[in-house]
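Contents: one structure, followed by commentary.
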Amino acid sequence: MEFLQELNKPQLEAATHINGPMMVIAGAGSGKTRVLTYRIAHLIKNGVDPFNIISLTFTNKAAREMKTRISDIIGENEGRNIWMGTFHSIFSRILRIEAEKLNYPSNFTIYDTQDTKSLIKSIIKELGIDEKVYKVGMVYGRISGAKNNLISAVNYATNPEIQEEDKRTGKPEIGRIYKAYVQRCFRSGAMDFDDLLFNTNVLLRDFPEVLVKYQHKFKYILVDEYQDTNFSQYLIIKQLAAAHENICVVGDDAQSIYSFRGANIQNILNFQKDYPDFKIYKLEQNYRSSKTIVEAANNVIANNKEQIPKEVWTSNEEGEKIKLQRSLSDNDEGVFVANEIFNLKNNKQLSNDKFAILYRTNAQSRSFEEALRRLNLAYKIYGGQSFYQRKEIKNLLAYFRLAANNNDEEALKRVINYPARGIGKTSLDKLTIAANENSTSLWEVIKSPSKFGLKFNSGTLNKFESFYSMIRSFSVRLDSNDAYDLAKEMAKTTGILKELGGDKTPEGISRFENIQELLNGIKEFSDSDGDGDLKKLSDFLIDVALLTDADADDDSEPKVSLMTIHAAKGLEFPVVFLVGLEENLFPSQLSLNSRADLEEERRLFYVAITRAEKTLVLSYAQTRFRWGNLIQCEPSRFVDEIDAQFLEFPSKTTEPKRKAFSFDQERINFSSTGKSTSQNPNLKPVRKLKTSPPSNFESDDASLIATGMEVMHEKFGKGKVIATEGESPNKKATVFFPRVGHKQLLLRFAKVKILN
DNA sequence: TGCCCGGGTGTTTTT
DNA sequence: CACCCGGGCA
C-alpha cells in the first residue's frame, strides 16, 4: 500500500484507523480530503466491501472529486459501489426506495427554494393572513428551522414555548401555515430540501426494519465537514452508526460557516458524549499555503473566543506578503482585480484557472464580470442564479416534472398557462379552492371539475381537457421513450420552442439558447453509459433540484473562478482576490448584533484567507452602490486583525487612471512618511474620511441599562428595553424598536444611549 | 385574460 | 438599482 507513504504521522494514523468511532479535527489545508480518500482505500484493501461504505460530503462536487481520487487508487469498478454524495442526494435516494412506507410516490418531486417559497406564499394568501407581517422568507426560515430540529407541524403548533415565542414576536399563525404547507407538499407528492432529512428521520424512527437494513448495509460511515451538520443530519448519522459504531467524522470548528442553516458545532461535542471510546486525530500541518498566509489566518481566528484549541502551522516557505488594495468604488475594484489578473497571468505564465475572486454576497459579482469581459479573460461564476433556476429552464423542467408526477402543484401552476392558453388566475383560484376543500391535488380537480361541483363555460372546460390530455400523453410515454426524444417533443408540443423562438430580443435569444442547452444536456444523458438500458426522462429529472451549476463544470478552457466564500469552501487556488472587505458588507450588517454571528463572519473570513496558496490580495472599495445609492464604506475590521508585518500596501500605479479625489493625495503622503505602527497605517486616513453618520455617538455604560428604559440606537432609532440577560461585558438586551421590531443587542457592540 | 406601468421593497450565506 | 407584484385598462 505504497499510497500511504505520502502521509504524515497523524494523517497516517487517521487513515489506517479501521474499526470504532473516530474524529479528525483538520485545520485548513491540512489534507483532510486526502485522509478521507486514503482511509477509504485502506478500508477496501483490508477487505471491507465498498457496498458497505457510505461517505457523506457537503457538495456534489466534493463527492465526485473524492470518487475520482478513490477510483484512481482502487479502480473504478470498486469505487462506484461506494455510496458517496451529499446528505440530500444520498437520502433522497433512500427515500425513493422506501417512499411507499411514508405514503409517498417513489418519483416524488423535490421542491427547491423557489417552489417552496411560492407555495408558502399561496398558502398565506389563501388563509387570508397578512403578507406584510408574514414575510415568505421569514416563514420559510421558521419552518425550515423547525424541520432541521425535527419539530413536526403538529409539534410546532402544540409546543407552548414555540407558541409563546411566536406570539411574542407577533406571528402566532406560523404553526397554521406550517401545517397547511406540509399537507400541500404531501398532496403534491413533493418534499422540500429539509424534508429529505426530516423524512429520513421519520423513516428510520417508525420502521425499525428499515433502520436495521441500512445499519447493516452501511457498516462504515464517513462524514466530511461535520461542523456544518445540523441536528437532523446528526441524528440520521447517529442512528445508522448505532449498530457498528464504525463512524468517522472530519471537521474543523474554525471553518463552521453554516449555522444560519441550522448547523450546530454542538454536534462535535455530542460526538464525544455519544462515543466515549472514540479516537481523536488532529491534523495541524498545513500543506496548502505560505507561512505568511497561514500565520495571518491564525492572527484572525485568534480573535474568536469559542474554539477547539489547535495550532495550524506549515513548513512551506514564507512567501509573498498579503497585498492590501484600496479602490475608489466598486467598479474600480473590478477593474483593478481584472488588470491584476491580466498582469500576473503574463508575468508568471499562469492560466486563468489559477485565480479566484471571492466575495461575501452574490450581488458583488457584477463589477468583476464586466471588467474581466473587457479584458477577454474567461471566467466562471459558481452559484448565484444557477442554470437550473432560470425561468425558461424551470418552465420546461416543470413540464417534465408534471408529466412524471401529475400531482406536483408547483409545476402545474407554473405551466398551466405558459405558453398562454387562456387559463388565467380566476380559473386557477377556483380550482385551488376546490382542491383544498376536498383535500386533493389540483390535478384531480382539473381532470374532472364537475366532480367537485365546479362550473365553467364550455370553452374553459375544453382548455382544461386539452391541457390534461396533453400532459397525460407525455406521462404514458415516460417509461417507454428515450429521455431526449420525449424531452424534445415536449418542448415542441407544449409550444415552448415556438414561444421563445419568436422572441428576437437579446434576452429572448439567450432564453432560447438555454433551452437548447438543456436539451443538449438531456441528449448527453441519453447517450451516456452504454449499458443498453433505456435512459428515461424521469431518471434525468430525479435529482435535478439538487444540482447546482458547479456540478455541470465544463473544462473546455481554464477560467477564472468567481464565487461566494461559502461556495469556495474546500477549494484552493494559487492566487486569491478577497474583495469587498468593508464594514457592513463583510462582516455583514446583519451579523453585528451578536457575538455568535460576528464570530461566524470571522470564521468565514478565515475560510476565505486559507483558500490561497501563494498570493492573496485583500481588497476594499471606498464607495459602493447599494440599493441604488452611493454609500461611503470603511474597511473591514477583519483587515485590522492581521498583523501589519504580513501586509503590503501597493503603489498608486495599480489604481485605474482617473482624476484623484483630494483624499487620494492624502493617502500617498501618508504612506510615504513610512510611519510604522503595529496597526495598519494605511487604513487610518480612510477611517477619518467616513462621512456617514458622524460618529459622535457615545454609548452609555452597558451595566446601567435595565428593563423598561427608553433607549436610542444609532441605527434603529428609539426603542424600549424588554429584557436584559447576562452581565457586562457580555450583557445582552432585548429591545423593541417600533421601526424594526425586536432586536437582541450585545451591549458591548451596540451603540445605545439611555434616553430617560 | 393579458399586458403594461408604477410603486414598493429589499441583500447575507446554500442543499 | 432591480425585481416583483398588484392594479388598471384594452
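Please read these numbers as outputs of a predicted model, since none were measured by experiment. Chain naming here is simple, since letters A, B, ... match the order of the sequence lines and numbering starts at 1 in each.
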Next item on the list: Select base, sugar-phosphate, or nothing to describe what A:Ser89 touches, counting heavy atoms under 4.0 Å on all strands.
Entry: nothing

Check: Pick the nucleotide of DNA chain C nearest each of A:Arg366 and A:Lys425; which residue has the one closer to the 5' end?
Finding: A:Arg366

Item checked: Closest-nucleotide ordering on DNA chain B, the 5'-leading residue of A:Gly424 and A:Ser588 -> A:Gly424

Checklist line | Nucleic acid contacts - residues 131-143 of chain A versus DNA chain C, non-hydrogen atoms under 4.0 Å | finding: none

Notebook entry, point to check: Centres of the A:Tyr359 and A:His566 rings: under 6.0 Å?
Noted result: no

Margin query: Within the 4.0 Å heavy-atom criterion, would you say A:Asp112 contacts the bases, only the backbone, or no part of the nucleic acid?
Written below: nothing

Next item on the list: State yes or no: are the ring centers of A:Tyr258 and A:Phe58 separated by less than 6.0 Å?
Entry: yes

Margin query: Can you check the distance between B:dT13 and C:dC4, where both ends of the measurement are the C1' atom (answer in whole Å)?
Written below: 22 Å

Notebook entry, point to check: How many Å lie between CZ on A:Phe260 and P on B:dT14, as a whole number?
Noted result: 7 Å

Next item on the list: Assign A:Thr113 to base, sugar-phosphate, or nothing according to its heavy-atom contacts below 4.0 angstrom with the strands shown.
Entry: base

Check: Can any side-chain N or O of A:Glu583 pair as donor or acceptor with the backbone N or O of A:Ser636 at less than 3.5 Å?
Finding: no

Check: Is there a donor-acceptor pair closer than 3.5 Å between any side-chain N or O of A:Gln622 and the backbone N or O of A:Cys633?
Finding: no

Notebook entry, point to check: Which heavy atom of A:Leu150 sits nearest a heavy atom of A:Phe231, and at what distance?
Noted result: CD1-CE2, 3.7 Å

Next item on the list: Scan A:Tyr258 against the nucleic acid and name what it touches under 4.0 Å (heavy atoms): base, sugar-phosphate only, or nothing.
Entry: sugar-phosphate

Check: Under 4.0 Å between a side-chain N or O of A:Asn230 and OP1 or OP2 of B:dT15?
Finding: no

Item checked: Nearest-Å distance for atom pair CG/P, residues A:Leu598 and B:dT12 -> 16 Å

Note to self: Side chains of A:Asn514 and A:Glu392 only: does a donor on one sit below 3.5 Å from an acceptor on the other?
What the structure shows: yes

Note to self: Counting the atoms with a prime plus P, OP1 and OP2 as sugar-phosphate, which does A:Lys463 contact under 4.0 Å by heavy atoms, base, sugar-phosphate, or nothing?
What the structure shows: nothing

Notebook entry, point to check: Starting at the 5' end of DNA chain B, which residue's closest nucleotide do you reach first, A:Ser591 or A:Leu428?
Noted result: A:Leu428

Check: CZ of A:Arg603 versus P of B:dT12: gap in Å, rounded?
Finding: 18 Å

Next item on the list: Nearest 0.5 Å please: distance from the CD1 atom of A:Ile174 over to the OH atom of A:Tyr140.
Entry: 14.5 Å

